[in-house]
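The next block holds one structure in the form of structure tokens; read it before the comments.
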Amino acid sequence: MMPSLQHLLYLAAFLFCTGLAVVMVKRNTIMMLLGIELMLNASNLNLVAFNRLYPASLDGQMFALFVIIVAVCEAAVGLAIVLRVYQHYQTSVPDEISELKG
Amino acid sequence: MQQYLLSGLLFTPLVAAFIALFLPSHASGTFKLVTLITCVIQVVLLLLMLSVYDSTGGLQFVEQHAWITLDLGSWGILKAEYLVGLDGLSLPLVSLTVGVMLITTLSSWTVEKNVKGYFILLLILNTAIIGTFAALDFLLFYLFFEFMLLPMFFLIGIWGGARREYASVKFFLYTLLGSILILVALIALYISVNDPSVPGRLVHSFNLLHMRDPKNFISNAILDPNNPWMIGPLSARYWAFLLLFIGFAIKLPMVPLHTWLPDAHVEAPTPVSVVLAALLLKIGGYGLLRIAYPIFPEAALYFSWLVALLGVISIVYGALTAMASKDLKRLIAYSSVSHMGFVLLGIASLTIEGVTGAVYQMVSHGIISAMLFLLAGVLYDRTHDRVIDNYSGLAAKMPVFFAAVLVAFFASMGLPGFSGFIAEVMVFLGAFKSGSANGLLHESFAIIATLGLVLGAAYYLWALQRMFFGPFHVKGDAAAIALTDLNNREYSMLVPLAIAALIFGIFPQPLISWINPFAQHFSDAVLTLGKSLTPIH
Amino acid sequence: MAQQWNNQLNDIAGSLSWFIPELILALFLLLLIALALFKTNRTVLLTCCMAGFILSGVGVMATGLSTQATLFGGMTRVDGLASYLKILIDLAGFITCLMSFEKPSTHRAEYFALLMAVVLGGHLLVASTHFLMIFLSLELISLSSYVLAGYSFTKAGSEGSLKYFLFGSVASAVMLYGFSFLYGITGTLDFSSQVFFDQLIAKDVPMVLFAALMVLAGFLYKIAAAPMHPWAPDVYEASPIPVMAFLSVAPKLAGLGVLLKFVLAMNLFGQSSADWQAIVCAVLLLTITIGNFSALRQQNPKRLMAYSSIAQSGFLLVGVAAFLPQGVHFMLFYASVYLIMNFAVFVYLDFFEKKSITSIAGFSGAGKNLTWPSIGLLVGLIALTGLPPTAGFTAKLFIFSALWQSYELSGRALLLWVVVIGLLNTVVSLFYYLRIPYFAFLKSGEPAEKQNNITFQNLLGFILVLLLLTLFFIPGILMGWINKINFVL
Amino acid sequence: MNTLTFIFYFFMLTAAASATGILLSRNVFKAALMLLVCLLSIAALYVLSFAEFVAITQILVYAGGVLVVIIFGIMLTSKLSGKPLQVGHTNIFAAVLSGILLFALLANFITDDVFAVPQHAVETQGALQTIGTNFMTAYSLPFEIAGILLLAALIGAAAITSFMKSKKV
């Protein structure tokens with residue numbers, strides 16, 4: 001017997017909401033990146049879990065693999081940008097970055 | 001040849017503007033000359049047209065070319081045309097435009113700031129105004145209608161008085177708001193109308209003549225007169241009429257949508273004030289007569305009391321505010337509001353007399369207001385002061401000027417012998433007769449409107465008394481020395497206008513013979529069609 | 001099994017012939033990177049990049065606008081809508097290259113390679129019919145744009161690109177989460193397939209709408225529409241003008257194309273229980289209103305244009321909201337005109353920035369000494385407002401006509417309100433679009449150095465302005481072409 | 001409750017707990033380590049959901065790649081600033097509240113029967129081989145695009161770092 005699929009979905013939803021909260025709460029860009037990674041993993045978990053509903057094809061798992069690739073790219077570009085901002089401002093706290101005002 | 005005359009009249013200024021664009025900007029005299037020559041050419045073309053115009057012949061000088069024809073598949077064909085023509089309504093107004101533009105050009109002779117830009121804008125404005133009066137295709141009309149905005153915006157904004165920026169922006173916004181309302185009606189109209197000339201296909205046409213015929217409406221379209229849609233308490237056709245009415249009433253201007261006018265007039269340079277008062281205001285009345293009324297006759301009948309009421313309010317409110325004005329130009333501006341109220345009242349009566357009077361009033365007011373603003377400009381040129389109370393006893397110092405003002409004021413207050421009298425009397429007759437002839441308006445409208453005449457006499461006479469009689473006094477001594485009487489250029493502008501006001505006051509028949517067939521046809525068509533259509537509201 | 005693989009490989013080989021424009025772009029991307037290894041001068045790079053865009057555009061045109069084909073086993077689909085948007089995106093890239101002609105020459109190769117990558121991403125995005133393809137091509141556009149946005153070597157530039165990145169990553173994560181649920185409900189990633197429709201109709205659960213809204217959020221982010229717009233002003237302000245012009249056109253049009261396809265798919269030919277027309281209408285009204293009213297307060301022309309581009313997204317969405325084939329055609333017309341007028345304005349803003357006019361008040365007196373550029377800018381802004389005699393008016397007339405037609409067919413009062421409020425917003429937009437000409441012509445300021453000689457930028461701007469006027473008088477030349485697009489709703 | 005089920009719930013709890021830890025932690029480095037724990041437990045869950053290849057990729061690429069890059073970034077920034085790795089929090093209340101609301105909404109939707117696993121869920125057989133073939137056949141286009149995406153990211157990152165060289169602060 002396998003645990004219910006829905007439990008995985010609950011976990012994914014929890015990770016997603018936590019990730020979103022992390023992005024909103026933290027005042028540090030690297031922390032925000034961690035939150036975004038959490039959100040991406042939530043989606044992946046969903047994809048893999050749903051794949052059990054449709055075992056005929058492996059679409060979900062394939063998608064999850066591509067998401068991991070994209071996450072790598074995003075992390076690389078993101079960190080490069082963070083480091084560059086860091087060089088300009090000597091901080092990675094978004095609130096202290098205020099050249100642009102709305 | 002004859003059919004191209006109107007296009008010639010229409011595009012001569014645009015061609016001239018294009019030529020002027022490539023002339024060196026330092027030779028300021030050439031631009032005046034080019035504009036003057038253009039106006040003279042226009043006068044010649046107009047005289048040619050008048051010589052062949054048949055006053056009973058309906059639409060003439062019609063020119064029709066395909067402009068935009070888009071085949072949109074199942075949606076049908078979208079068709080806009082270059083369609084122009086003149087009838088008893090537009091011919092007097094086009095003639096007025098040509099005449100006033102010539103005088104405006106003369107009046108602009110003193111412009112010194114950025115002459116090139118000024119005259120190019122004036123030429124563009126010329127084309128736009130004539131185009132608005134001549135267009136018989138709604139899209140073409142709208143194009144010219146909006147095309148007036150920018151030149152006017154810059155003419156007021158760059159060459160105007162102290163608060164010119166505020167005035168020009170206010171003018172632009174009000175007029176744009178109006179034109180957006182017209183645009184909504186335009187979209188609704190052309191989607192509902194089918195051009196019957198192409199059998200078997202749905203042709204969404206902008207042709208104003210097609211829009212008048214209930215047969216041309218696509219059945220069950222939103223503006224289909226035979227089966228109108230309800231939007232809230234009123235049918236869609238009534239809403240469309242209201243949109244058009246408000247849009248044009250802003251231009252007219254009608255109380256309470258008039259507040260842009262005094263500002264624009266006060267701040268605009270004299271020639272631009274002349275164009276604004278003599279020509280641009282007429283487009284509001286023209287739009288009602290050409291578009292709103294014939295296309296939505298049943299709505300026009302239903303709302304005639306509203307139109308008349310607003311007209312009467314404009315007459316009385318305009319006159320009262322004019323009386324309270326301290327600034328000469330503001331006084332004239334409010335008197336315009338008052339006089340344009342007669343146009344509304346005349347149209348609303350839907351009698352032959354009333355409509356004829358309304359068109360006559362538009363022409364007459366065009367002539368008289370041009371004169372009034374030129375005279376205000378004469379004074380302002382000399383003293384840079386327009387406050388009425390700062391003058392006293394001018395009659396002795398500037399006798400010829402005083403005579404001219406006397407003529408203009410008397411003409412404007414509707415004294416017999418001047419064109420304003422004929423127009424206003426006809427409007428009164430129409431408004432009185434309306435109750436018995438078609439049952440649209442109560443006699444009290446006409447009675448209250450006479451109040452406008454009384455008040456008109458009051459504020460003009462009071463202004464005369466304050467400014468021209470009594471001991472001579474002008475605020476500021478240095479200015480007093482500069483007070484010279486009219487010069488030759490000013491004569492050349494004012495005398496023709498005064499003569500025109502007198503001729504149209506004493507011999508109204510030529511002008512009426514143009515307008516009358518139109519008015520007859522117009523009021524007949526609106527009344528019969530309006531009553532035949534199901535009055536759902 | 002082997003037979004199946006054989007079929008799939010044949011399908012791939014067959015699809016490649018439809019894929020020539022994208023292959024060209026990919027090839028030129030590699031070529032640009034290869035050139036980066038050598039110290040190539042920028043003229044070569046520029047020519048190479050422009051050649052890539054032209055060839056790809058020609059390639060798209062060669063396939064024609066009326067052909068339709070499903071490629072790579074349902075990954076992408078060639079149709080008229082996608083092809084037309086591809087041409088526009090290529091054109092945007094091309095004009096951006098022209099605008100970059102006189103920009104600082106450092107890092108050229110990477111710059112052009114990233115431009116190429118965005119265009120390639122746009123090509124793929126508008127053709128996608130598969131969630132995975134959407135995700136990948138969207139990320140391709142996003143990642144390249146993040147870097148491009150920071151291409152100004154300044155503090156503000158790096159901050160802009162950081163904001164863009166953070167906002168964008170969250171948006172795409174939200175979108176992805178939505179995808180995962182749609183996959184879970186339907187069992188397929190191909191949202192144009194019959195299975196997808198059947199499953200959605202069969203399993204009409206609230207989660208469908210919620211997931212679809214999450215996906216929509218990702219798209220709205222890409223086209224800078226409310227409520228996903230707050231990044232736009234900061235990012236646009238910080239980026240160099242050519243990049244800003246490019247970012248406000250290319251990703252927007254690509255996002256619009258995929259948004260249209262997705263919304264139509266979710267609408268299930270009207271069988272969806274969710275009211276997608278109302279959703280789109282709400283989004284567009286919000287977008288237009290927020291864009292317009294925020295623009296009123298701006299003092300910086302770039303921020304003003306950022307809000308303007310938000311408002312324009314709303315107007316573009318009007319074509320989607322009509323849910324009529326005609327709406328899509330008119331939307332494409334609007335998109336083409338938007339491309340022209342937006343670039344026209346940016347070309348002139350770039351010109352003025354070079355004359356060190358960077359605030360709206362700084363335009364004082366510009367009309368006197370820099371007459372022709374000021375007039376060109378005026379025409380561009382008038383077009384954005386939607387007044388005659390510019391194609392901006394024609395486009396607005398068309399797009400609202402489509403919505404009105406939709407109102408006539410459905411009788412929904414909502415659509416009438418959208419028409420009226422949308423058009424009244426034009427009056428509001430006049431306030432800010434006219435601010436620059438207002439200062440340029442009406443205010444007198446310390447005169448900028450007088451210069452009216454023909455520069456490259458003036459010429460480019462002049463051509464764009466001329467196009468705007470031409471398309472007003474003869475819209476048929478473009479509409480006739482767009483009408484060939486066979487669009488099935 | 002058999003062993004498999006126990007393991008399953010254990011990893012679920014670990015993942016959830018470490019995610020909460022990220023939210024609560026004020027130290028970037030600790031948060032990164034907690035993300036590592038979270039990622040690894042998710043990988044374990046993948047294995048239990050018959051997605052071995054995804055699990056392996058998760059461990060190798062995600063935990064091994066992304067996280068290392070992030071930790072590297074943390075080290076670099078803290079070294080440059082010399083400041084402690086403490087992180088401030090803003091609008092906690094709004095964020096937590098909206099997080100809870102969103103979760104409640106999602107959980108409510110997930111309870112739907114549509115998401116219930118069918119009685120006899122078939123285990124995917126030969127998944128590894130199918131994935132491999134997929135990359136070369138049905139998913140060949142995304143595979144190529146992923147390549148271009150990596151390339152673009154590389155160019156982008158390179159371009160950004162070269163700005164930093166060109167403009168030393």
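Note on naming: letters A, B, ... go to the chains in the order of the sequence lines (proteins, then strands), and numbering restarts at 1 for each one.
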Looking at every non-hydrogen atom in both residues, tell me the closest pair between [X] and [Y] and how far apart they are.
X     : Y      : value
A:Q6  : D:T111 : NE2-O, 3.4 Å
A:A64 : D:V54  : CB-CG1, 4.1 Å
D:I70 : A:E37  : CD1-CG, 4.3 Å
A:K26 : D:S25  : NZ-O, 2.5 Å
D:G73 : A:L79  : CA-CD2, 4.2 Å
A:L34 : D:A32  : CD1-N, 3.8 Å

Q. Does some side-chain heavy atom of D:Y9 sit less than 4.5 Å from a side-chain heavy atom of A:H7?
A. yes

Q. Is A:V48 close to D:F50 at the side-chain level, that is, under 4.5 Å between some pair of heavy atoms?
A.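 They are not in contact (no side-chain heavy atoms under 4.5 Å apart), so the answer is no.
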
**Q.** Side chain, backbone, both or neither of A:A49 within contact of chain D (heavy atoms, under 4.5 Å)
**A.** neither

Working to the nearest 0.5 angstrom, can you tell me the gap between [X] [atom1] and [Y] [atom2]?
X      : Y      : atom1 : atom2 : value
A:N41  : D:L35  : CG    : CG    : 7.0 Å
D:N134 : A:M62  : CG    : CE    : 4.5 Å
D:S49  : A:L8   : OG    : CG    : 4.5 Å
A:L58  : D:L128 : CG    : CG    : 10.0 Å
A:R27  : D:R26  : CZ    : CZ    : 10.0 Å
A:I81  : D:T161 : CD1   : OG1   : 11.5 Å

Q.
Can you tell me which of A:V70, A:D59, A:L20 forms the most heavy-atom pairs within a distance under 4.5 Å of chain D?
A.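 Greatest number of close heavy-atom pairs with chain D: A:D59.
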
Residues of [range] with any heavy atom under 4.5 Å of a heavy atom in chain A:
range                       : answer
residues 95-105 of chain D  : D:A95, D:S98, D:G99, D:L102, D:F103
residues 58-67 of chain D   : D:Q58, D:V61, D:Y62, D:V66
residues 147-155 of chain D : D:L149, D:L150, D:A153

Q: Given side chain to side chain contact (heavy atoms under 4.5 Å, CB included), test D:I42 with A:L45 step by step and report yes or no.
A: CA-CA 7 Å; D:I42 291 173; A:L45 202 52; 3.9 Å; yes

Q. Using non-hydrogen atoms only, which part of D:L106 is less than 4.5 Å away from chain A: side chain, backbone, both, or neither?
A.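 Looking at D:L106, just its side chain touches chain A.
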
Q: Please name all residues satisfying ring-ring contact (aromatic ring centres under 6.0 Å, His included) with D:F135, sequence neighbours left out, ordered by chain then number.
A: A:F66, D:F143

Q) Of all of D:A107, D:A157, D:G156, which one pairs up most often with chain A through heavy atoms under 4.5 Å apart? A)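 Ranked by contacts with chain A, first place is D:A107.
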
